[in-house]
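As the structure is a prediction and not an experimental result, all values here were calculated from the model. In what follows, every heavy atom counts, from backbone to side chain, and hydrogens, waters and symmetry copies are set aside. Chain A is the first sequence line, chain B the second, and so forth, proteins listed ahead of strands; every chain is numbered from 1.
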Amino acid sequence: MPTNGMESWAVDLNDVAAIYPFQGSEFILYIAGLAFWLYWHVMQLRHEAAEVERETAADSDGSHTKAWIEKY
Amino acid sequence: MGSNIEAITTIFTEFYYWVTVVFMFLIHVGFCMYEVGASRRRNHMHTLMKNTMIIPLVTVTFFFFGWWIYFAFPNGPWIFEGKGLDYAAATGARPWDPAMGTNIADRINGVFWAAFLLFSWTAASIVSGAVIERIRSGAFWILAILVGSVTWVIGASWGWHPDGWMVKLLGYHDAYASGVIHAIAGGFALGILVVLGPRLGKFRPDGTPRDIPPHNPWMVTLGLFMIYTGFWGFYAACNVPIIAPEVIDGQITGTTWTATNIYLAPTTLSAITFNFLMSLSGGLMAAYVVSKGDAFWTYSGGLAGIITASAGNDLYHPIQAMFIAAFGVYCIYKLHHWVERKFKIDDAVGAVAVHGYAGFIGLVIAGFVLWGQPSSPYEGYAAINPIGMFIGAIIMFFVLGFLPAYICARILNALGVLRVPRKVELEGLDFDNNEAYQVAVAEVIASEKAMVSEMTAGQK
């Protein structure tokens with residue numbers, strides 16, 4: 001069984017609508033898409049926090065920061 | 001043109017392809033910016049000229065024989081039912097045919113030729129970035145013609161043509177060229193890199209890779225933005241904008257006109273616009289996470305996302321396109337670094353991964369997701385299936401990509417013309433320009449200082 005239900009193009013295009021695969025699973029796809037989007041924010045925030053934390057901890061006397069300010 | 005509606009349709013189609021060609025020019029601009037940005041200062045002009053000269057060299061060779069190959073090779077030759085070269089179909093694509101010049105009776109051949117030609121530049125330009133800072137221009141340009149005017153065109157004739165034997169026998173479906181451009185060009189780049197070797201200093205004595213940072217990350221990322229923009233034109237150019245079922249003359253019934261993909265199977269510009277943007281987004285998001293926000297890989301991941309989804313982007317649902325892109329990008333990022341460490345392959349811009357691996361993976365995924373769907377509007381063709389698509393991916397990446405490049409690079413290497421000498425590589429491939437520049441600058445400075453001395457002497 002074809003994944004979009006179409007065995008061939010022997011059809012009148014006037015009678016054809018959606019042709020994407022796995023029709024009927026749109027809402028599940030939507031939920032999965034939402035989860036992916038939210039997962040991305042979680043991962044991004046975690047990564048950014050770790051990066052900022054590392055940089056802050058590595059420069060207790062401020063000399064590294066001053067060196068970057070010098071570079072403008 | 002028999003009627004006014006026929007005339008409007010023809011002239012619309014002519015204009016449509018013409019616009020795609022102008023858009024696709026940006027792909028080449030983008031590749032040049034990208035490569036120059038990625039190279040070190042002492043290699044700028046060499047890097048730029050190496051890519052720029054693809055334009056005339058691939059253009060004339062594509063005119064001389066590339067376009068003919070596309071129409072002559074759909075049967076293999078001798079792969080489909082023992083049929084040889086299709087001389088009849090290729091009549092009109094030979095440089096001495098009237099259709100290959102100013103001809104009021106044929107308004108489509110020139111713009112269609114140009115659309116394919118811009119794909120040819122892209123194929124060669126993909127390879128160009130991988131080999132920067134050590135390949136000789138002369139060797140590269142021979143290799144560029146091989147991929148741009150021969151091997152990718154054979155791939156297109158086999159798997160990106162309504163009568164291609166891969167479409168008929170394997171159910172090969174590659175609507176926006178995951179395989180016929182990207183897998184071929186990526187495999188081709190790998191074939192050269194194996195022979196060419198890494199840039200000096202790329203690997204530490206213990207074999208671990210060093211990062212050679214781009215001299216201008218802004219230029220690299222703007223180049224990739226340009227490539228995204230040109231890619232829109234590429235997608236549009238892969239479609240037939242408007243055609244009637246009776247002109248297709250296949251199984252479609254009724255009288256509803258449609259846009260089609262290259263196989264003349266119906267699709268819409270809306271479908272590919274949805275899927276282009278969602279696969280770009282899936283690629284960017286996955287690349288950002290997997291590379292921990294690295295700008296180079298995030299941008300490249302956007303491109304790789306589109307490339308992974310391209311084989312089926314005429315048929316996917318947009319969220320499917322997004323997930324396919326994200327999965328592909330995760331795989332290619334890991335593969336790039338594994339291949340780099342394991343085999344000491346120095347791909348300066350990640351072209352093998354972004355184009356080759358993404359294209360290969362995209363074909364395999366399309367085989368599963370589109371399983372059983374018709375590959376063509378004509379009767380008797382194999383349906384899209386995972387085995388056919390996997391074989392297709394092997395043919396594109398290894399047979400038409402890796403193998404010819406490896407053989408040609410070995411020959412060029414044996415002739416001693418593949419790689420610049422060590423001294424030149426360390427000094428920079430712009431050594432000639434750089435020395436001339438220094439001499440000119442010294443002369444101008446000396447002359448201007450002399451003028452100042454004369455002026456001050458006169459004041460005294």
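Chain B forms the most heavy-atom pairs under 4.5 Å with one residue out of A/Asp15, A/Ile19, A/Asp12, and that residue is A/Asp12. The candidate from B/Phe323, B/Trp257, B/Tyr316 with the greatest count of non-hydrogen atom pairs under 4.5 Å with chain A is B/Phe323. Ranked by heavy-atom pairs under 4.5 Å with chain B, the list A/Pro21, A/Pro2, A/Ala10 is led by A/Pro21. Put simply, of B/Gly254, B/Pro266, B/Pro377, the one with the most heavy-atom pairs under 4.5 Å next to chain A is B/Pro266.
Proximity to chain B is limited to the backbone of A/Glu7, based on heavy atoms less than 4.5 angstrom apart. For a residue to count as touching a neighbouring chain, one of its non-hydrogen atoms must lie under 4.5 Å from one of that chain's; by this rule B/Phe368 touches chain A with the backbone only. In this structure, no portion of B/Thr267 lies under 4.5 Å from any heavy atom of chain A. With a threshold of 4.5 angstrom between heavy atoms, A/Ala32 approaches chain B through its backbone and through its side chain. In this structure, the portion of B/Ala326 lying under 4.5 Å from any heavy atom of chain A is its side chain and not its backbone. Both the backbone and the side chain of B/Met285 come within contact range of chain A, judged by heavy atoms closer than 4.5 Å.
Taking the ring axis of A/Trp68 as reference, the NZ or CZ atom of A/Lys71 stays within 45° of it and closer than 6.0 Å to the ring centre.
Taking the six-membered ring for Trp and the full ring otherwise, the centers of B/Tyr228 and B/Phe231 sit at least 6.0 Å from each other. Checked against a 6.0 Å centroid threshold, the rings of B/Phe360 and B/Tyr357 do not count as neighbours.
Remark: the backbone N or O of B/Ile248 is paired with a side-chain donor or acceptor of B/Tyr378 at under 3.5 angstrom. Listed for the B/Thr258 side chain is no donor-acceptor partner under 3.5 Å among the backbone atoms of B/Thr260.
Counting only N and O atoms by type, the side chains of B/Ser310 and B/Tyr235 include a donor and acceptor under 3.5 Å apart. For the residue pair B/Asp174 / B/Tyr263, no side-chain donor-acceptor distance below 3.5 Å is found, with atom types taken as modelled.
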